[in-house]
2 protein chains.
Amino acid sequence: MDVTMKVRELIELCRSEGVPLTQQRIEIYKALISSREHPSPEAIYRILKDNYPTLSLATVYNNLEVLSRLGVARKLNPLSDHVRYDGDMSSHIHFVCLDCKSVEDIEPDDLESFQIPDLPEDGRKLIAKSIQFTGICEKCQNN
Amino acid sequence: MDVTMKVRELIELCRSEGVPLTQQRIEIYKALISSREHPSPEAIYRILKDNYPTLSLATVYNNLEVLSRLGVARKLNPLSDHVRYDGDMSSHIHFVCLDCKSVEDIEPDDLESFQIPDLPEDGRKLIAKSIQFTGICEKCQNN
DNA sequence: TTACAAAACGATAATATTTATAAAAGAGTT
DNA sequence: AACTCTTTTATAAATATTATCGTTTTGTAA
């Protein structure tokens, strides 16, 4: 799907969700989907600031958060403000709440379907495999 | 597996990998695997500092990093020092390098086996699903 | 057990990313 | 066009993490 099409979908989505549509939001989204680099807010800011000199870095942060909650962008590290570790190396799923940053272990009903096969490592050293769901937890939904 | 057993395995692993074994390392590991909270370094520090008043927070950070590279702990958010986003919501795998923090998209040979089934959401709002591999990338391996 | 090199530890300072704040501008609606 | 609510901008503030460096400890071998 090309950029124009995806932008059109974003516009639809904002309207149906009652989220105001701003030029900045669209440009940030376009910059995001045009990049293959999994960019940081800073990186997107750098890309855009030549053409949009008044754009603020805080706006980029805000909008990427909005986009990820709309489901059109993925926050690769929703726990970015707190490093966290897990001593349980067995195969299970983490549900991370975008609001409160809590992490719940999810035990899938059908455990077998969640085995992650090994991949050809291509010179990489593989240490751990994770499945992560992101969303809003039950508690935050009720607030 | 109980704590004693896992500690014994850590000791073996450190010996075989040539990683010095310290009391702090063991205590931090025990605190980690005894917790169900996916604890932060700060949290582990708080747990331990009563019994080990001279323990430094920096030591906790360092050791959790060591443990994750040994493969006995999982760093839930290896990209924690940089927020990153992905505009590609299709099903693919991210390989995150613990050294250089680069993110590579991996296209599995057998795409079907990587479909993540939906789960009962239990009042949660699910927004995105991710599969993440962590390790050391080819470039960093060669350094 | 003593000696030695390499690594880890502890305490603290430094860094830099992210968030908060408040005024101004813009979006959406009647 | 007016009104309300949200977003944006610019800046300041907060704070988690990393770097530094002197000291201590580990692992190994004489």
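Below, each value reflects all heavy atoms present in this structure, side chains not excepted, and no hydrogens, waters or symmetry copies. Lettering follows sequence order; numbering is per chain, from 1.
Contact between the side-chain N/O atoms of Thr54(A) and the OP1/OP2 oxygens of dT9(D) is found at a separation under 4.0 Å. In this structure, Asn63(B) reaches the dC9(C) phosphate: one of its side-chain N or O atoms is under 4.0 Å from OP1 or OP2. Taking side-chain N and O atoms only, Ser80(B) has no distance below 4.0 Å to OP1 or OP2 of dA16(D). Residue Thr22(A) places none of its side-chain N or O atoms closer than 4.0 Å to OP1 or OP2 of dT7(D).
Here dT8(D) presents its C1' atom at 13 Å from OH of Tyr45(A), a figure rounded to the nearest Å. Nucleotide dT19(C) holds its C1' atom 9 Å from the OH atom of Tyr61(A), rounded to whole Å. Atom-to-atom, CG of Leu70(B) to P of dA7(C) comes out at 15 Å; the value is rounded to the nearest Å. dG28(C) atom P lies 7 Å from atom CZ of Arg15(A), rounded to whole Å. Rounded to an integer number of Å, the gap from CD of Glu42(A) to P of dT18(C) is 9 Å. Atom CD of Glu65(A) is separated from atom P of dT7(D) by 12 Å (rounded to the nearest Å). Rounded to whole Å, atom P of dG26(C) lies 16 Å from atom CD of Glu27(A). For the pair Leu64(B) CG and dT17(D) P, the interatomic distance rounds to 11 Å; values are reported in whole Å.
Remark: Arg8(A) does not engage Glu12(A) in a salt bridge, criterion side-chain N to carboxylate O under 4.0 Å.
In this structure, the side chain of Arg74(B) engages the main chain of Lys129(A) through a donor-acceptor pair within 3.5 Å. The closest donor-acceptor contact from the side chain of Asp99(B) to the backbone of Cys140(B) lies at 3.5 Å or more, if one exists at all.
In this structure, Pro41(B) and Ala58(A) both approach DNA chain D, and ranking their closest nucleotides by distance from the 5' end singles out Ala58(A). Residue-to-nucleotide proximity on DNA chain C shows that, of Gly18(B) and Pro53(B), the 5′-proximal contact is made by Gly18(B). If you find the closest nucleotide of DNA chain C to Asn62(B) and to Asp81(B), the one lying nearer the 5' end belongs to Asn62(B).
You'll find that the side chain of Arg25(A) is closest to dT8(D), out of dG10(C), dT8(D), dT17(C). Of all nucleotides listed (dG28(C), dC9(C), dT17(D)), dC9(C) comes nearest to the side chain of Thr59(B). Closest contact between the side chain of Pro20(B) and the listed nucleotides dT17(C), dC9(C), dT26(D) involves dT26(D).
Using a 4.0 Å heavy-atom cutoff across all strands shown, Gln24(B) reaches sugar-phosphate atoms only and no base atom.
In this structure, Leu126(A) CG and Ile136(B) CD1 are separated by 10.5 Å, a value rounded to the nearest 0.5 Å.
Remark: Glu42(A) CD is packed, more than 12 non-hydrogen atoms of other residues, nucleotides or ligands lying under 6.0 Å away.
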